[in-house]
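So the structure is just underneath, and the comments pick up after that.
Being a predicted model, the structure only gives us computed values, none of them experimental.
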Amino acid sequence: MTRSHSKSPKRFRREIGSWLFLLPHLFFFALFVVVPLVFGLVISFFNWSLLKDNVFVGFNNYIRTWNDSRFWPTVQHTVVFAIISVPLTIIVAIIFAHILKKKRFGQLWLLIAFVSPAFFGSVGILSSWKWIFASFPSGLANYYLNKVGAINNAVSWFGSTSVAWGVIILVTVWWIVGFSILLYLGALQRIPPEQYESAKLDGAGPWKRFLYITLPWIKSVLFFDVVRQAILAFGLFDQAYILSAGGPAGTTRTLVYYLYLVGFERQDFGRAAAISWYIFAIVLIFAVIQLVLVTKSIRSTEG
């Protein structure tokens with residue numbers, strides 16, 4: 001009894017200490033996450049503007065956005081971009097993680113080359129890519145394609161919807177794939193080599209080894225990366241804004257680009273807040289669908 005009573009004050013002090021340790025984190029979480037979320041939800045029910053009186057309009061901002069003919073094309077553009085870019089980024093990341101898993105000369109420099117773009121600002125990186133894919137003859141891509149005889153005239157890379165989206169997806173995958181490579185590389189290095197060796201002895205080929213050994217081992221990382229990639233895909237703005245400026249004819253405008261036009265160019269902050277909640281709902285639905293599909297595929301391989 002005496003021993004238990006002597007321990008209880010120490011346990012109490014430890015609990016108090018853990019709460020005191022969490023207080024700064026909780027404060028900044030409330031300040032930078034909870035407060036903006038609540039404020040955004042509140043102003044979505046107002047006709048909120050910096051130049052006029054703020055008037056309560058209820059669900060009118062949501063209804064106006066739902067009925068806006070310019071809203072649904074941006075949803076379609078963003079969803080199509082996510083459907084293409086998310087699996088592509090994951091596939092490229094897993095392939096290069098497999099390559100980097102084997103020790104070879106220059107491996108560290110190759111890894112740095114993949115990861116380093118994620119640490120640079122969007123303006124500098126995208127300005128360089130805009131120069132590479134410039135539509136005039138001295139643009140880097142046009143210049144070298146003309147030199148090797150692949151083209152005769154300069155290509156207008158952002159004059160066609162399909163080509164513009166191809167460039168945006170290419171730049172996006174190149175830009176963000178490095179962090180995913182690190183994730184999968186760490187997961188692959190935890191797989192016991194004996195499992196691959198026994199599978200080879202049983203006659204399993206590379207594809208079967210990936211399905212029945214690699215995929216189950218990296219599933220937790222895959223779940224995380226799917227959600228992360230979905231959030232990044234639906235937050236697409238910089239690439240469309242800097243590279244194509246939403247063109248041609250608005251066919252590369254995304255949800256966040258639409259939010260920017262409504263909120264910052266038209267100064268309609270209430271409606272922009274409503275659009276942000278639509279984005280949140282779509283991202284949540286898309287992430288859940290992806291997780292269900294990934295879970296089913298992994299369970300089928302394990303079964």
Side-chain angles (χ1 to χ4, degrees), residues 21-22 25 28-29 32-33 81-122 124-125 169-202 204-236 238-239 283-284 286-303:
F21 176 76
L22 286 173
H25 301 278
F28 286 109
F29 177 77
F32 294 109
V33 177
F81 170 78
I83 290 172
I84 297 172
S85 67
V86 172
L88 184 60
T89 304
I90 291 171
I91 291 168
V92 171
I94 292 174
I95 290 172
F96 279 103
H98 268 287
I99 295 171
L100 293 170
K101 182 185 173 185
K102 299 177 182 178
K103 292 184 179 180
R104 51 171 54 87
F105 179 76
Q107 179 185 19
L108 178 61
W109 293 108
L110 190 60
L111 185 61
I112 291 172
F114 281 117
V115 176
S116 57
F119 296 97
F120 293 101
S122 61
I125 285 209
I169 290 170
L170 170 68
V171 172
T172 302
V173 172
W174 170 86
W175 193 8
I176 67 174
V177 75
F179 185 73
S180 295
I181 291 174
L182 284 179
L183 289 176
Y184 295 119
L185 183 60
L188 290 173
Q189 288 175 342
R190 291 195 298 268
I191 302 175
E194 297 80 13
Q195 294 200 9
Y196 288 114
E197 291 171 6
S198 61
K200 284 182 182 178
L201 291 174
D202 292 336
W207 179 243
K208 284 190 175 180
R209 292 199 299 270
F210 175 78
L211 285 178
Y212 297 109
I213 299 175
T214 306
L215 199 56
W217 271 90
I218 67 171
K219 65 180 179 181
S220 58
V221 174
L222 189 60
F223 286 157
F224 169 75
D225 201 34
V226 164
V227 177
R228 188 182 74 89
Q229 295 290 349
I231 294 171
L232 289 174
F234 280 93
L236 176 69
D238 294 9
Q239 296 91 306
V283 170
L284 183 63
F286 192 80
V288 168
I289 291 171
Q290 281 194 312
L291 282 175
V292 170
L293 292 175
V294 171
T295 305
K296 284 184 177 180
S297 64
I298 290 175
R299 283 178 179 173
S300 64
T301 57
E302 289 177 340

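Between atom CG of residue Leu232 and atom OG1 of residue Thr172 there is a gap of 9.5 Å, rounded to the nearest 0.5 Å. Distance check: Phe224 CZ to Gln229 CD gives 9.5 Å after rounding to the nearest 0.5 Å. Note that CZ of Phe96 and CG of Leu185 are 13.0 Å apart. Values are rounded to the nearest 0.5 Å. Atom-to-atom distance recorded for Ile176:CD1 and Gln239:CD is 8.0 Å, nearest 0.5 angstrom. The line from CG of Leu215 to NZ of Lys219 is 9.5 Å long, rounded to the nearest 0.5 Å. The line from CG of Leu111 to CG of Leu182 is 5.5 Å long, rounded to the nearest 0.5 Å.
Atom NZ of Lys101 has more than 12 heavy atoms from other residues, nucleotides or ligands within 6.0 Å. Remark: Phe81 CZ is packed, more than 12 non-hydrogen atoms of other residues, nucleotides or ligands lying under 6.0 Å away.
Closest approach of Phe119 and Val115 over heavy atoms only: CE1-CG1, 3.4 Å. Contact detail for Ala93 and Ser180: the closest heavy-atom pair is CB-CB, 3.5 Å. The two residues Asp238 and Ser122 have their closest heavy-atom pair at OD2-OG, 2.8 Å. Here the shortest heavy-atom pairing between Pro117 and Ile125 reads O-CD1, 3.4 Å. For Val173 against Ser85, the heavy-atom pair with the smallest separation is CG2-O, 4.5 Å. Nearest approach of Ile181 to Ala97, heavy atoms of both residues: O-CB, 4.0 Å.
Thr89 meets the side chain to side chain donor-acceptor pair (under 3.5 Å) test with no other residue; sequence neighbours excluded.
There is a side-chain donor-acceptor pair under 3.5 Å between Gln195 and Trp217.
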